[in-house]
Amino acid sequence: MFNPMMLVTALILFIFAPSPALRPTAQDAAQTPTTAPTHKAVKPTAESQAKAKKLYEVDCAMCHGDNGNGKTDLASGMGLKLGDWSNPSTLAGVTDETLFATIRNGKDKMPSEAEGRAKDDDVWNIIIYIRKMSQPTTAAPGK
Ligand code: HEC
C-alpha cells in the first residue's frame with residue numbers, strides 16, 4: 001500500500017507549494033528571496049579572493065587587523081573589543097548569513113560596507129577570506 005514515490009511526490013508538491021497550479025515550473029525554482037542572499041552560489045576564485053583581500057585591507061584591516069586578530073591601534077584607541085578571528089572558535093558558531101548582515105549593515109561602531117563598494121559576491125568572498133584566517137594550513141596572510 002505504501003508507495004515511496006508518493007512520499008517523493010508529496011515532498012515535491014510541498015517544496016513548490018506556493019505555485020497555485022501545484023505544478024513546479026522553472027520559474028518557481030528560479031525564485032530567490034532578494035533580502036536573504038545566499039553564498040552557496042559563490043565559488044571563490046584566485047581573482048575574487050584577491051579582490052576580497054584588497055577590500056579587507058582597505059576597509060576592514062584598520063580595525064580588525066591584517067590577520068584578523070582585532071589587536072589594532074585604532075580598535076584600542078576607539079575602545080573596541082574585537083573578536084580574534086585567528087582563533088577558530090571565535091566565529092565557529094556564527095553563520096555566514098549573520099556575518100553578511102553585520103558587514104552589509106554595520107553594527108554599533110562598525111561602519112556598513114555599502115553595495116557600491118562591495119557587491120554581494122564581494123561580501124561573500126570577504127567572509128570566505130575572513131574564515132580562512134583561522135586555518136593554519138593556508139599561508140598566513142602576514143602579520
Ligand atoms: C571602525 C572599526 C571597524 C571597521 C573599519 C570594520 N569593523 Fe567589523 N567590527 C567592528 C566592531 C566594533 C565590531 C563588533 C560589533 C558588535 O558586535 O558590537 C565588528 C564586528 C564585525 C564582525 C562580526 C563578527 C565579530 O567578530 O564580532 C564582522 C564579520 C566584521 N566586523 C567584519 C568587518 C569587515 C568585513 C569589515 C570591512 C568591510 C569591517 N568589519 C570593518 C569594527 C570595525
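Counting convention: from 1, in listed order, for ligands and their atoms alike.
For ligand 1, the atoms lying closer than 4.0 Å to a non-hydrogen atom of Leu99 are 29 (C). For ligand 1, the atoms sitting less than 4.0 Å from at least one non-hydrogen atom of Ile103 are 32 (C), 35 (C), numbered in the order shown with element in parentheses. Residue contact check: Ile126 has heavy atoms under 4.0 Å from atoms 35 (C) of ligand 1. Set against the non-hydrogen atoms of Asp108, the atoms of ligand 1 under 4.0 Å away are 16 (C), 18 (O). Using a 4.0 Å cut-off to heavy atoms of Thr102, the atoms of ligand 1 that qualify are 21 (C), 22 (C), 23 (C).
Per-atom contact check: atom 27 (O) of ligand 1 does not touch the protein, criterion being a heavy-atom distance below 4.0 Å.
Residues Ile130 and Leu99 are not in side-chain contact: their nearest non-hydrogen atoms beyond the backbone lie 4.5 Å or more apart. Contact annotation: the side chain of Asp120 approaches that of Glu115 to within less than 4.5 Å [non-hydrogen atoms, C-beta and beyond]. Considering only heavy atoms from C-beta on, Thr72 stays 4.5 Å or farther from Met62 through its side chain.
The hydrophobic cluster containing Leu80 does not contain Met133, counting ILVMFWY residues as joined when their side-chain heavy atoms lie under 4.5 angstrom apart, directly or transitively.
Remark: the backbone N or O of Thr98 is paired with a side-chain donor or acceptor of Thr102 at under 3.5 angstrom. Of the possible polar contacts, one joining the Asp122 side chain to the Lys119 backbone as a donor-acceptor pair under 3.5 Å is found. No donor-acceptor distance shorter than 3.5 angstrom exists from the side chain of Ser86 to the backbone of Asn69, with no hydrogens or angles considered. Under the 3.5 Å distance criterion, the side-chain polar atoms of Arg104 are left unmatched by any main-chain donor or acceptor of Ser112. Checking side-chain atoms of Arg131 against main-chain N and O of Leu91 turns up a donor-acceptor pair under 3.5 Å.
Looking at Ile130 against ligand 1, only its side chain comes within 4.0 Å, counting heavy atoms. The part of Pro111 lying near ligand 1 is the side chain, judged by heavy-atom distances below 4.0 Å. The proximity of Tyr56 to ligand 1, defined as any non-hydrogen pair under 4.0 Å, does not occur for either the backbone or the side chain.
For atom 37 (C) of ligand 1, the nearest non-hydrogen atom of the protein is Cys60 SG, 1.8 Å. Protein heavy atom at the shortest distance from atom 40 (N) of ligand 1 is His64 NE2, 2.8 Å. Closest to atom 13 (C) of ligand 1 among all protein heavy atoms lies Leu82 CD2, 3.7 Å. In this structure, the protein non-hydrogen atom closest to atom 25 (C) of ligand 1 is Trp85 NE1, 3.8 Å. The single protein non-hydrogen atom nearest to atom 3 (C) of ligand 1 is Cys63 SG, 2.7 Å, given as residue, atom name and distance. Asp59 O, 3.3 Å is the protein heavy atom nearest to atom 5 (C) of ligand 1. If you check which protein heavy atom lies closest to atom 17 (O) of ligand 1, you get Lys107 NZ, 3.2 Å. Looking only at protein heavy atoms, the nearest one to atom 42 (C) of ligand 1 is Met110 CB, 3.5 Å.
A salt bridge between Glu57 and Lys53 is present, with a side-chain N of the basic residue lying under 4.0 Å from a carboxylate O of the acidic one.
A side-chain contact (heavy atoms from CB on, under 4.5 Å) with Leu82 holds for exactly one of Lys71, His64, Met110; it is His64.
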